[in-house]
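Please read through the structure below; I'll follow up with questions.
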Amino acid sequence: MAIHIALAKGRIHKVVMKYLKESGYDFPTYTEESRKLIFEDASGSLKVTLVKSPDVAVYVERGAADIGIVGEDVLIEDNAGAKVYEVLDIGIGRCNMAVAGVKGKTVDMSKRITVGTKYPRIARRYFEQNHHSVDIIKLNGSVELAPLVGLSDVIVDIVETGNTLRANGLEVLEYFMDFSARMICNPVSFKLKYQEISTLIEVIKQNEIK
Ligand code: PRP
Ligand code: MG
C-alpha cells in the first residue's frame, strides 16, 4: 500500500524531497520549480502532496493523507496534536519564536502594546504568562512590515537565520520558544499501514536530514 505524505509547502518540502531522493525514492515529475502539487515515486510506494503548512494536520486528521511533515510551531498554534500521532522529530526547520521590534527603538512593555503576528494563540499565551497587556493583530505573512508602518509596536514571529529581521531593520527583543519540523500520522493509517510507515520512519531516522 502506498503511503501518502502531505508536506508543508516551502522550505520543508524542498529539504524533504531532496532527502527522499538521496534515500532512493525517485519522483520523475518533481522539480523545485514545478507547479504540480502531487507526485508519485517510481516504485509506487510513496505519494507526496504539497500543502500550505496550516492545512497539513487537516489532511492528516481527516485521513486524506497518512502522514504529514510540518513545523511544530504550526501544530502548537492550531492545537493540532490532539487528533494525530506525532511520530518523529525530523530535526530540520529549526527555528525560534521571538518578540521583535524596530532596531534601537525602546518599547515600553508596562503600557498596553500592539502585536502583529501569524501566531495569535502562541503570542497571547506568552504575553499573558508575562503579565503584559496586549492587543493582538492577526496577520497572514510579511509580519515584519507591521512595526515599520505603524500597524503594531512589535511582532511575534519565527526566526530561523535572522535574515528577514535584519533586512527590514528589526531586532529580537526576546526569544521564548524553539521548534523543529515534526512527522505526524493519522491513527487509522498508523494501524493499517504500520509496516510501510515504520520502514519510512526508519529510513528518515537512519540518515539525519540536513
Ligand atoms: C518566515 C517567518 C519569518 C522568516 C524567518 O516567513 O515568518 O518572516 O520566515 O526566517 P529567517 O529568520 O531565516 O529570515 P516566510 O518566509 O514563511 O513568509 P511569510 O511570513 O510571508 O509567510
Ligand atoms: Mg515571514
Side-chain angles (χ1 to χ4, degrees), residues 6-22 30-35 37 48 50-57 68-78 80 88-109 113-127 130 132 134-184 204 207-210:
L7 296 181
K9 207 168 149 187
R11 294 177 223 204
I12 287 181
H13 97 251
K14 287 177 187 166
V15 177
V16 174
M17 288 305 279
K18 213 168 139 221
Y19 175 80
L20 287 175
K21 193 176 174 201
E22 284 163 9
Y30 175 79
T31 61
E32 274 193 10
E33 300 72 35
S34 172
R35 298 292 297 162
L37 298 172
V48 166
L50 309 187
V51 174
K52 282 278 183 191
S53 56
D55 296 338
V56 169
I69 298 181
V70 62
E72 188 189 9
D73 50 327
V74 175
L75 295 174
I76 292 176
E77 175 64 25
D78 294 339
L88 193 64
D89 179 350
I90 301 283
I92 59 166
R94 292 195 183 282
C95 56
N96 292 283
M97 191 65 75
V99 184
V102 176
K103 198 170 180 192
K105 190 174 166 187
T106 317
V107 180
D108 184 355
M109 298 294 278
I113 56 164
T114 52
V115 181
T117 187
K118 287 191 282 190
Y119 301 90
R121 290 170 64 155
I122 290 175
R124 184 168 307 285
R125 202 176 313 145
Y126 167 75
F127 287 111
N130 289 280
H132 292 311
V134 290
D135 282 326
I136 307 260
I137 304 169
K138 162 79 165 86
L139 297 170
N140 291 295
S142 302
V143 293
E144 291 82 2
L145 263 181
L148 298 175
V149 298
L151 180 63
S152 72
D153 297 310
V154 296
I155 61 169
V156 164
D157 200 13
I158 53 168
V159 179
E160 193 171 346
T161 61
N163 287 341
T164 313
L165 289 182
R166 271 191 296 278
N168 292 290
L170 303 184
E171 65 182 354
V172 170
L173 303 175
E174 188 159 11
Y175 290 108
F176 64 93
M177 272 172 119
D178 56 350
F179 307 104
S180 57
R182 300 297 159 113
M183 183 190 281
I184 55 172
I204 290 181
N207 314 287
E208 198 186 328
I209 299 188
K210 299 247 167 52

Asp73 side, atom CG; Asp78 side, atom CG - distance, nearest 0.5 Å: 9.5 Å
Indicate the atoms forming the closest heavy-atom contact of Ala100 with Leu165, along with that distance.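 Heavy atoms only, the tightest pair is CB-CD2, 3.9 Å.
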To the nearest 0.5 Å, what is the distance between CG on Leu20 and CD1 on Ile204?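 So the CG of Leu20 and the CD1 of Ile204 are separated by 6.0 Å.
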Ala57 to Ala80 - nearest heavy-atom pair and separation: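 Answer, listing the atom of Ala57 first, then Ala80: CB-CB, 3.5 Å.
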Return each pair, listed once, that meets ring pair (Phe, Tyr, Trp, His ring centres under 6.0 Å) where at least one residue sits in residues 145-177; pairs must be two or more places apart or across chains. Tyr126-Phe176
Residues passing the salt bridge (Lys or Arg N to Asp or Glu O under 4.0 Å) test with Arg121, sequence neighbours excluded, are none
Let me confirm one number: the NZ-CD distance from Lys14 to Glu32, rounded to the nearest 0.5 Å.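 That separation rounds to 5.0 Å.
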Close side-chain approach of Arg125 to Ile76, heavy-atom, < 4.5 Å: yes
Looking at residues at least two apart in the chain, or sitting in another chain, which of them share a side chain to side chain contact (heavy atoms under 4.5 Å, CB included) with Lys52?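 By the side chain to side chain contact (heavy atoms under 4.5 Å, CB included) rule, Lys52 matches Pro54, Asp55.
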Could you tell me which non-hydrogen atom of Ile122 sits nearest to which non-hydrogen atom of Glu77, and how far apart they are? N-OE1, 2.9 Å
Per the salt bridge (charged side-chain N to carboxylate O under 4.0 Å, His left out) rule, what does the pair list look like for residues 152-173, sequence neighbours excluded? Arg11-Glu160
For the OH atom of Tyr19 and the CD1 atom of Ile92, what is their distance to the nearest 0.5 Å? 10.5 Å
Separation between CG (Leu37) and CG (Leu7), nearest 0.5 Å, reads 11.5 Å
Applying ring-ring contact (aromatic ring centres under 6.0 Å, His included) to Tyr30 and not counting sequence neighbours gives Phe39
Quick one: list whatever passes side chain to side chain contact (heavy atoms under 4.5 Å, CB included) with Ala8, sequence neighbours left out. Ile12, Ser53, Val56, Val70
What heavy-atom pair brings Ile136 and Thr117 nearest, and what distance separates the two atoms?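 That closest heavy-atom pairing would be CG2-CG2, 3.8 Å.
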What residues form a ring-ring contact (aromatic ring centres under 6.0 Å, His included) with Phe179, not counting sequence neighbours?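 None.
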Does any pair with a residue in residues 135-147 pass side chain to side chain donor-acceptor pair (under 3.5 Å), and if so which ones, sequence neighbours excluded? Arg112-Asp135, Lys138-Asn140
Within residues 173-182 or reaching into it, pairs that qualify as salt bridge (charged side-chain N to carboxylate O under 4.0 Å, His left out) - sequence neighbours excluded: Glu72-Arg182, Glu86-Arg182, Asp89-Arg182
Rounded to the nearest 0.5 Å, how far apart are CD1 of Ile90 and CD1 of Ile69?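 So the gap between those two atoms works out to 4.0 Å.
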Output all residues satisfying side chain to side chain contact (heavy atoms under 4.5 Å, CB included) with Leu151, sequence neighbours left out; order by chain, then residue number. Ile137, Leu139, Ala146, Val149
Return the set of residues passing side chain to side chain contact (heavy atoms under 4.5 Å, CB included) with Thr31 (not counting sequence neighbours), or none when no residue passes. Glu33, Ser34
Search all heavy atoms of Ile155 against all heavy atoms of Pro147 and return the closest pair with its distance. CG2-CD, 3.4 Å
